[in-house]
Structure formats: structure tokens, C-alpha cells
Amino acid sequence: MQVNRLVATMRANLKGNLNMENTYNQVEIERKWQKRWEEDNLYKVNEHSDRPKWYALTMFPYTSGDLHIGHWYAMAPSDVHARFKRMQGFNVLHPIGFDAFGLPAENAAIKRGIHPYQWTMKNVENMRKQLKTIGAIYDWDREVITCQPDYYKWTQWFFLKLYQHGLAYRSKAPVNWCPRCQTVLANEQVLANGTCERCDEPVVRKDLEQWFFRITKYADELMQHEGLDWPERIKTMQNNWVGKSTGTDISFELNIPGVEEKEIRVFTTRADTVYGVTFMVLAPENPLVEKITTPDMKADVEAYIAKTRRFTEIERLSTEKEKDGVFTGAYVTNRLNGDKVPVWIADYVLAGYGTGAVMAVPAHDERDFAFAKKYNLPVKVVISPPDWNGAPLEAAYTDEGKMVNSAQFDGTPNKEGIGKVAEFLEEKGWGKRTISYKLRDWLISRQRYWGAPIPMIYCQKCGIVPVPEEELPVLLPEDAEFKPTGESPLKYCASFVNTTCPECGGAAKRETDTMDTFMCSSWYFLRYANAHIDTAAFDKEAVKYWLPVDLYTGGAEHAVMHLFYARFFTKAIRDMGLIDFGEPFIKLFNQGTIISNKQKMSKSRGNVVNPDSYVSRLGADTVRCYLMFVAPWEQGGDWNDNGIAGINRWLNRVWKLATEAYTPNNVDEEEFRNLQRIIHQTIKKVTQDIDKIRYNTMISTLMEYTNYLGKVKDNGSVSQKDWEEAVKTLLLLLAPSAPHLAEELWLQTGHKYSIHNWKWPEWDETLAQDEEIPIIIQINGKTRDKVTVPASITEEEAKEIILAKPKVKTYIEGNEIIKIIYVPKKLLNLVIK
RNA sequence: GCCGAGAUGGUGGAAUGGCAGACACGCUAGCUUGAGGGGCUAGUGAGCGUAAGCUUGUGAGAGUUCAAAUCUCUCUCUCGGCACCA
């Protein structure tokens, strides 16, 4: 006894500031079972099974080098769900791998002289070791690492496929350039404030020849989420990103001697306001600007364009910025009413949207109104506000009204007018109904080393020539130099750049840009089906069996990046006939963020929680259960050392319950029925909660069950056999959440290895029913009393019992009962006066 | 500015039309122990009361209902997304 206490004390002291005592050695048990499971290949998966398949995928981690608590928060609860499905009889694929290309590896190379490959693989090794401590059912045979040649060979192969199908093209375009990362970025990687997603540096515009994927071809399909069980907000974000709007292209007559173009086309959603056009605005980048600018305005226009270019994206995109512009000296004619209107340029018109030109209707557009006021341009009302007396407007009128000053359309409600004007324009050949999208094609070129090289060759004679499939992979050269200038090492690597043309055999140069890493993650879920196949990117049969992913979990930050690209990719290769489904992820679930001290974890705040230190003191099971218990998974939670202590206490109680001797005493038939009912109610609630991904209430249900069993044990009120059955159920229900503890106790309570191959318990609805139920008694809606009655009670019987209660009588006395509301098995409300 | 989510004890949260605060944390008291830690038992929204009990209470205000944390409207605040998209 004395010795035990002393050992316990010493152990408690070792735990430092976490003052907890343990009745069992979690860490040792976990190590033991992890080793055994691995030796036995317990979690190895194959496609030859008569069980239904279940593909549970967690977004794979980037090889940052350390598995932090955020990774645990993403992975541990996913594993619980996957284990649950497995016990329920599904053939579960729950793979893991690494997103291994990307800038940090290259920065490490520049800074510390380590080759990106070495840096990355060292991180993989470390993270793999850490990942194994979670005790997940990962089948490590299926691990994929995107920077390995056997993987990126196929990333390059997909590039060639997209190229062959006209979905990859090269084009010169104004692109987002991050001066710090020394590379271009996709639109999706530029934050709302115009800074780089990676390093927060302001992004600038550059004109560069780049590779694009034609994601816009799938704009409409990407807005469709039918049959997908996805969070509404992700679907909304994706749809906003596509930004579809229906409108009309309208041609304005341009007649300038010596200028080839005879029209300027604008895109508008408000064709009903076309009679109110008083000027036109072109984007400064619009190629027409140079041609139409009159000699006397040339200097002003050029100065304005130069100024625009100097602005960073932040400044240009700021809605705060006052709208300014300059007149080009040119005029166009509004074909509908013959009005000659001046053509201006202004940076609030975007080159990349619509036609890069807008018709300005200051009376009915706030931006145009502000611009007109600033430059004293006329405002012409064509949609009448209610009770409008013809006075000049104080502000733009953007609501509905009847059309005025609009020739034959006068009197038409403006909403109707949109279609009527468009129809008229089409008849005359002056316009055409069109659809515009905000979505731009996906820019995939990166001027970096650490990515999959774009498999293209430039030949003086033959032009752009794809690398033949049989020559893949185009390997990254090992002798590249990483200079602090930040320029792409590939550009200056002669052994890489110089090659021969596959077509003519002459000297040629390789493309030195590599692919956006989102390309690697756009197809990794296919590779998991068979990670070893070396004759194809993916195993057609295995993909047919496993895909699509049944449950995909990860952070919401990927809404318009990874998730969007992966969907595009899936649709593109479906149309190539490579697969027969168009959506990769059936159900999507976004977990929240785990924070600490009410703040985001960061090194500078010093509030980073290191999972390893908790795992090595309290065990993975404790950390797993705590992460599930702390808050609803989709919401995210605040890490708290006191909170995890509570979980530790609970698991210790479970241990004692299962290992300490049980002594029946006063065995009671009624107690048995209570126990049986609670067992079935617990199975029901736990099963439904895991199904609905409500882990926090699932854990609290298990705690309640544990607390109840504690009382049963103290009383010894059920037989030995019934007690053992009750404990067995607890262990089975606990198995997905605390797999090591459950396995250990399973053996210690005399069951056969392994609990994880055991069937998930099922509940019997009849046995779960309460025999007696409380009826709430309300007087005028206020709870006044409560009565316990048999569940089968009729309304008449219940009323009789309740109205006979002395306490109820005191309330009724001297009053009139107006109404009696009876809700079976719940309450009775007496409305009295 | 627009769109979406949210606001419940000292804390994390539970309850989705029917007993508000399950389950935990923390706190208080008692027991156990050589002290500390740990463990166990009881209590714990607030106010009044020795108690039974009463009153009050889910961001603010109004409404629907026999009954509202839950449904409707208005407002405040917090978080997330979008933001010159013509």
C-alpha cells in the first residue's frame, strides 16, 4: 500500500504541472498495441471483400516537419469515424500521405543549404513517426508522397492529358506576382486585401507568358452541387467564386478615321438603362485605349496608365479609393438614341471581366454617379423613382421603377425592360445576350524549383512540344543551385534546360516553370486506391471500387482552392473517359480550429500546444477523447489543460471499472431492467452521434454510462454475467475513441483479440424504451409539479392522476379550467383563470 | 456595403417548440493521506428563504403559441466569406 502510494506520487510528480495520477500506464499500453497491430497488419485493406466499401479521407498534411495539435484535431476524430464504420461492417479505406512540394522546402534550401528533397523527406520521417502515435487505422502501404518521382511522373502525365484535350494552354496575361516568393500566384492564392496567401507580401501585376488550365470550361458544372452532402457555406463560396451573371453585350458605334475597330462592346446586366448612358469607361489595360486616344489627350492617358501600374493590388482594389480617370478624347455613339458619348479610362473598370469596358449610367449606378459628379458629366434619368418630379437625383437610383426617356420602352417596368431591350438589340444586331463569369482560368505556372516540372519543350523549329509520355518523369535536377536572389534555380541549371526536341531532334530548351502544388493534391485521392501501380497514374479497377470518397474532412480554408481544383480535375478526366464519376467527394465536413487561450496558436504568442508532450504523459487515447469532447467538431475548441485532466480521470475510472473485481450483492430484477434499458439507450445515442459527427455529446454519453456503471458496481445490484455484458458494451462503444485502452481492457476482461474486429453493438428499440416516464405538470405554462407514470398510460388516466394531486388541487381551487393540453409522454398544461 | 454562421452559469458546452444549464472544467465543504498532489462524497445560474418553496433567468426589444434558448420581425455585438464583377 505504502509502496503503491509512493509510486503513484512519483508518477504524478513526473507529470509536471499536470497534476494527475494514473491507475494504468497508458503510454506503455499504447506502444504495445501499436506494435502488435502493425505486426499483425490489422489495418491492412484490400479490395477483395464482400463488405460494402467506405472511403474516409482526411486532407493530407503538408510536410512542414512537425505534427501540431491542429493536425491531431483533423485526424483523430476522422479516425474515430473510420473505425466506427469499420466495426459496423464496412471495408474501410482511411489512407494517409504527404503534400510534399512547396515553397518552404526551397526557402530552407536557400537559407540553410539543405536540398529541398532532403529537408522534405526528413520531415516526412518525423511526421510519419508522430502520426503513428495517434493510433489510427492508416494502411501505410498506401502512403503517397507527392514529391517522389513515382508520384510526380503522373502529375506530369495528367498535365499532358489536359494539354492534349485543350485544357492546358500558354498565354501572356497580367498575373499576380509576389515579389517575396518570386513567383506568380493563382487568383485564389491572393487574399482579399491583395496580399500573398503564403507570406502576406503585397502582390503586384506583371505581364508574363504562363500556363493555364481551362477551369472556366466547367464554370457552370462547378456551381452544381446536386447529390453532394456539403456544408451550405462552402457551396455558396464556390458559387460566388464562379460569379455567374446573365446580361447583354451591347455594341457602341466607334468611328475614328484610321482605327480598324468600328465598335466598342460592353457587358451589362442592366440593358434597361441603356438610354441613360452618358459616357463610357474602358479599363486602362484595354488594348483599344492606345488606338482611340486623341493626340491632345495622349500625355494624360499615358500618365494615368503608368500610375495604375504602380499601384499594388491592395490600393487598386480598395473600395475606399476615390474613383478617378481621364478622358481619351474619343466618342462612341449609342445606337439606340444616337447620343454621342465620351470615352474615358478608369481603374475601377477591370480588364479581366466582361469586355474590359462599361457603359456608364450615372443615374442608376453608384460608381458611375460618383464618377460623373467628380468630372461634371451629365446624369440622365431613365428609370423613374416613385413620385419622381423630374428633379436631378441626389444619388444613384438603383431600385425598381418604370422606364422613361427610353423611346418605345417608356412605361415598361424596368425588370421587364432588361429582356425587352436585349431582344430589341438582338433583332437589330446591336447586341447579344451573354453570360459573364468572375472565374478566371487556373494559372498553374510557378517560377520555383520545388514542384513538378511542366513537361514541355521549346524548340526553335517545332515550337512548343510536349515531352513524350514514355520519357516521363521529367526529373528535377539534383545539381541545381539555390541562390538567395530567389530566382528559380531551374532557369540557370544548364543540365536541365538544355535538351533535344522530341520531334526534330535538334537542340531545344525545357520549360523551367513547375506546377502549382494544388495540381498534386487534385488527384491524390485516386492514387490511394493503389499507391504502387507503376503502369498508370491510378488503378482503374481499384478506383472503380473505392471512389468517390464517401467522407472527406478538412479545414474550410480550401473552399475555392483545393476543393475547387479537385472537382475541376475530376470532371476533366471524366470527360476524357478515364473515370466514370464527376464528383470526387460525396460528403464534406469542415472541422473548426483548435485554439489556445482564446487565441490562434502561434509561436510569437507562445501558446502553441505540442501534442507529443501530452501523448507521452497522458497517452493518445486521452488526447483523442479530449479533442472530441472539448467542443462540437465543426466549431473548433479552446485547448485547456484542466479539460484534458477531466478526460484522464474518466479513462482511469473506466480502467478501474473493468479491472477491479465485481461483487454481486442484492441482485435485483428491476435493476437489471434499468441496466438493460440504459445499455440500449447508450448504444443508440452513441451510434447516432458518431453517425452525425457529434463527438462531444457522444463522449458525454459514454461518461454518463460510466458514471452509471460506477453506481451499479457500488451496489452490486446485477448478476456477474449482466455486469460483464455491461462492461463489454462500454468497451465496444469506446473502441473507436480510445482504441488502445479498449483493446487492453478487452483482453483483460477475457475476450479474444482484437476488439477492433468485433462487431459494433446494436440497440433494440423495445428494450431502449422507458417503462416509466415523468410527466411535467404545468399551470398556465409554468412547471409546478412532476409525476412518474407508466409509459403506456392513456390520456384519461394521466389526467385523472394529475388532477387528483393535492398540489394541483391547490392551484385549481377557486379557478376555472379553460383548457387542458396533454402531450403524451411529456407534459400536461392546465390553463386556468 | 453584401452574404453566411453565431451570442446560453465563473469556463467549455447540452437541450431545435414541452423540466434550461446534460457532460465536463472550476469553485465550496467534508472524508482519505505524513504534507502537497491525487482520490472519494455532497453542493454549485442569480435573488429571497432555516426549509418546503417562490421569483427570476438563454445578447436587447417586440411578436406568434397553452408553451419559445428553439419559430417570426427589428436592433446590437462577434466571427467567417465576398467586396469597384458593370
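Throughout, protein chains are lettered first and strands after them, A, B, ... in sequence-line order, and every chain is numbered starting at 1.
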- Query: Just how far, in rounded Å, is P of B:G17 from CG of A:N829?
  - Reply: 18 Å

- Query: Considering heavy-atom distances to RNA chain B, does A:T269 or A:R784 have its closest nucleotide positioned more toward the 5' end?
  - Reply: A:R784

- Rounding to the closest angstrom, what is the interatomic distance between B:U8 and B:U58 at atom C1'? 4 Å

- Is a side-chain donor or acceptor of A:N607 paired with a backbone partner of A:N597 at a separation under 3.5 angstrom? no

- Could you tell me whether A:Y695 contacts a base, only the sugar-phosphate backbone, or nothing, with contacts defined as non-hydrogen atoms closer than 4.0 Å? nothing

- Spell out, as yes or no, whether a donor-acceptor pair under 3.5 Å connects the side chain of A:D339 to the backbone of A:N334. no

- Query: Can any side-chain N or O of A:H364 pair as donor or acceptor with the backbone N or O of A:Y397 at less than 3.5 Å?
  - Reply: yes

- Message: Taking any heavy-atom pair under 4.0 Å as a contact, classify A:V823: base, sugar-phosphate, or nothing.
- Response: base

- Does the cation-pi check pass for A:R567 over A:W241, that is, NZ or CZ under 6.0 Å from the six-membered ring centre and within 45° of its axis? no

- Closest listed nucleotide, where the reference is the side chain of A:K807 and the choices are B:A86, B:G53, B:C66: B:G53

- Task: For B:A22 versus B:U44, give the span between their C1' atoms, rounded off to a whole number of Å.
- Result: 15 Å

- Item | Protein-nucleotide distance (A:N597, atom CG; B:U11, atom P), rounded to Å | 15 Å

- Item | A:K825/A:D770 ion pair, N-O < 4.0 Å | no

- Note on the structure: A:L627 atom CG is separated from B:G12 atom P, nearest whole Å, by 18 Å

- Message: I'd like the C1' distance from B:G17 over to B:C25, given in whole Å.
- Response: 31 Å

- Message: How many whole angstroms separate atom CD1 of A:I595 from atom C1' of B:G80?
- Response: 14 Å

- Do A:N696 side-chain atoms and A:M628 backbone N/O form a donor-acceptor pair below 3.5 Å? no

- Item | Residues A:K684, A:D689: salt bridge by 4.0 Å N-O rule | no

- Item | Nearest-angstrom distance from the residue atom CH2 of A:W633 to C1' of B:G12 | 19 Å

- For the pair A:E813 and A:K809, find out whether any cationic side-chain nitrogen is under 4.0 Å from an anionic carboxylate oxygen. no

- Item | Nearest-Å distance once atom C1' is located in both B:G59 and B:C79 | 15 Å

- Roughly how far apart, to the nearest Å, are B:G61 and B:A15 at atom P? 26 Å

- Answer yes when A:D220 and A:K244 have at least one side-chain N-carboxylate O distance shorter than 4.0 Å, and no when they do not. yes

- When the distance from CD1 of A:I773 to P of B:G18 is rounded to whole Å, what number comes out? 15 Å

- Query: Do any N or O atoms from the side chain of A:T268 and from the backbone of A:R270 form a donor-acceptor pair under 3.5 angstrom?
  - Reply: yes

- Pairwise 5' ranking along RNA chain B for A:D714 and A:M359, keeping only the more 5' one: A:D714

- Length of the CG-P vector between A:D638 and B:C79, whole Å: 15 Å

- Item | C1' gap between B:A83 and B:U74, integer Å | 26 Å

- Could you tell me the separation between the CG atom of A:D689 and the P atom of B:G13, rounded to a whole number of Å? 17 Å

- ring-ring contact (aromatic ring centres under 6.0 Å, His included) with A:W650: which residues, sequence neighbours excluded? none

- Return the nearest nucleotide to the side chain of A:K438; candidates are B:G13, B:G12, B:A83. B:A83

- Under 4.0 Å between a side-chain N or O of A:Q635 and OP1 or OP2 of B:G6? no

- Message: Suppose you measure atom C1' in B:G9 against the same atom in B:A5; what distance do you get, rounded to whole Å?
- Response: 24 Å

- Query: Using a cut-off of 4.0 Å between protein heavy atoms and nucleotide atoms, how would you tag nucleotides 19-26 of chain B 5' to 3' with B, S and -?
  - Reply: BS-BBSSS

- Item | Side-chain N,O (A:Y348) to OP1/OP2 (B:A86) below 4.0 Å | no

- Query: So, is B:G9 syn or anti if syn means the angle is within 90° of 0?
  - Reply: syn

- Item | Below 4.0 Å: OP1/OP2 of B:U56 and any side-chain N or O of A:K782 | yes

- Query: Between B:A14 and B:U70, how far is it from one C1' atom to the other, in whole Å?
  - Reply: 13 Å

- Query: So what is the 5' to 3' dot-bracket string for RNA chain B, if pairs are Watson-Crick or G-U wobble with both distances under 3.5 Å, crossing pairs use [ ] and | means the partner sits on another strand?
  - Reply: (((((((..(((.....[....)))(((((((.....)))))))((((....))))..(((((..]....))))))))))))....

